[in-house]
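Below: one structure, written as structure tokens.
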2 protein chains.
Amino acid sequence: MKGYLWAPSAATQLSEQGDWESMAVDAVGNVIEFWGFKRNQGRVWAFLYLRDEALTAAELEKELALSKGGVSMLLRDLERWGVVLRVRKQGDASWRYKAETDLLQMARRVIEEREFSFISRIRADLAQARRLAEQDPAASKAKIERIRRMELLAEATEKALTVFLKTSRFDVGAMFDLFRT
Amino acid sequence: MKGYLWAPSAATQLSEQGDWESMAVDAVGNVIEFWGFKRNQGRVWAFLYLRDEALTAAELEKELALSKGGVSMLLRDLERWGVVLRVRKQGDASWRYKAETDLLQMARRVIEEREFSFISRIRADLAQARRLAEQDPAASKAKIERIRRMELLAEATEKALTVFLKTSRFDVGAMFDLFRT
DNA sequence: CATATAGTTCAAGCTGTTTTGAACTGCATG
DNA sequence: CATGCAGTTCAAAACAGCTTGAACTATATG
């Protein structure tokens with residue numbers, strides 16, 4: 001299964017008693033992985049967000065047990081998505097990184113693009129298949145009706161996705177208010 | 001990316017002009033893969049559904065270009081989920097398989113279980129992390145508040161999933177009516 | 001009960017994705 | 001302008017999930 005929704009490997013293994021920081025960081029990693037991003041993108045963001053200060057790539061590498069190259073690539077993605085900011089502190093030789101906005105907003109944006117176009121494409125394929133069947137004298141009425149029903153399946157999926165995105169957009173709004181308390 | 005939602009490899013490549021059957025079958029494979037199942041589970045179901053007759057494993061193997069072992073396993077899954085029925089025609093040495101119910105119903109059922117428990121687990125992890133932080137004198141009020149905000153993220157996700165499932169349930173209802181036309 | 005065919009199992013292989021780490025580039029400093 | 005460190009790149013390794021196919025078991029038939 002190369003599934004989209006879903007998670008075979010369950011959640012984070014509970015870590016040490018006092019280690020609530022990595023527990024929270026990993027949990028965010030899991031949420032974001034659920035949304036179709038890399039687990040470590042979520043972990044990096046969560047760590048920066050939790051610490052609430054500009055940290056260097058070297059610190060992230062050490063604290064999150066990532067490789068040098070990995071940190072570089074993860075930060076580039078997060079920066080591109082606008083959820084992490086790169087700042088140069090004066091008198092400091094290296095860049096520092098800072099969590100900027102919340103993740104859900106960005107997740108919704110990205111998912112909106114890729115999931116929608118994907119489902120639309122599937123719907124179009126089914127519609128095309130039905131059109132071809134309608135022109136094929138060998139295709140029975142019943143068969144065409146069955147394709148029609150499969151189209152409904154795809155349509156229902158798309159509709160569900162719409163609601164899903166609308167809800168998350170709504171929730172972001174709600175969260176923003178809370179974030180500004 | 002081991003993502004859940006989402007699809008890197010885009011959709012089905014359009015096949016031959018007249019080959020609307022495999023086009024439809026592949027499209028269903030893609031929808032069902034989107035829902036986190038195996039692409040070929042969807043293809044097998046769609047093929048059986050479209051043909052609307054009980055077919056042998058050998059026929060599926062040939063028509064869908066699958067291996068013997070693969071067909072066996074795919075059918076076992078579909079049977080277990082109750083969307084494919086195994087029937088023995090009298091005077092026939094081998095089993096035949098028949099599409100039974102619609103897929104969305106089953107998808108919702110399965111997703112309901114695995115996704116929900118997954119997200120609940122994440123929420124629980126975050127709640128636990130916060131509880132630990134609250135007991136840790138070294139943890140600042142601000143940090144605890146930030147974990148609280150991450151919890152909101154997970155809560156929003158769970159809520160979105162609830163709506164998502166509710167909607168698909170609703171759509172199944174609507175589809176059932178149509179299916180019975 | 002022997003044989004043939006259907007169906008199952010599972011280790012090995014394949015495919016696609018993520019991570020690593022070594023080589024490289026760029027930049028700031030002495 | 002040499003040196004060292006920060007940051008990037010990318011090929012290779014590690015990994016995860018899916019599929020294959022050969023060995024196996026079960027079942028029907030003569």
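Naming convention: chains lettered A, B, ... in sequence-line order (proteins, then strands); numbering from 1 in each chain.
- The side chain of B/Ser94 approaches C/dA6 more closely than any other nucleotide in the set D/dC10, D/dA6, C/dA6.
- Set against C/dC10, D/dG7, C/dT8, the side chain of B/Met73 has C/dC10 as its closest nucleotide.
- Figure legend: cation-pi geometry between B/Arg114 and B/Phe37, with NZ or CZ positioned under 6.0 Å from the six-membered ring centre and within 45° of its axis.
- If you check D/dT19, C/dT20, D/dT27 against the side chain of B/Arg88, the one that comes closest is D/dT27.
- As judged by a 4.0 angstrom heavy-atom cut-off over every strand, A/Arg96 is placed among residues making no nucleic acid contact.
- With C/dT8, D/dG7, C/dC10 as the choices, the nucleotide that has an atom nearest any side-chain atom of A/Ala57 turns out to be D/dG7.
- Between B/Tyr97 and C/dG7 there is a side-chain polar atom (N or O) within less than 4.0 angstrom of OP1 or OP2.
- For B/Ser67, the listed nucleotide lying nearest its side chain is D/dG21; candidates were C/dT9, D/dT9, D/dG21.
- Of the candidate nucleotides D/dT9, C/dG7, D/dT19, C/dG7 has the atom nearest to the side chain of B/Trp95.
- Side chain B/Lys38 to base D/dG17: no donor-acceptor pair is found below 3.5 Å.
- None of B/Leu55, B/Val83, B/Leu66 except one satisfies the side-chain contact (heavy atoms from CB on, under 4.5 Å) rule with B/Val44; the exception is B/Leu66.
- Candidate nucleotides D/dT19, C/dA6, D/dT8 were compared by shortest atom distance to the side chain of B/Lys68, and C/dA6 ranks first.
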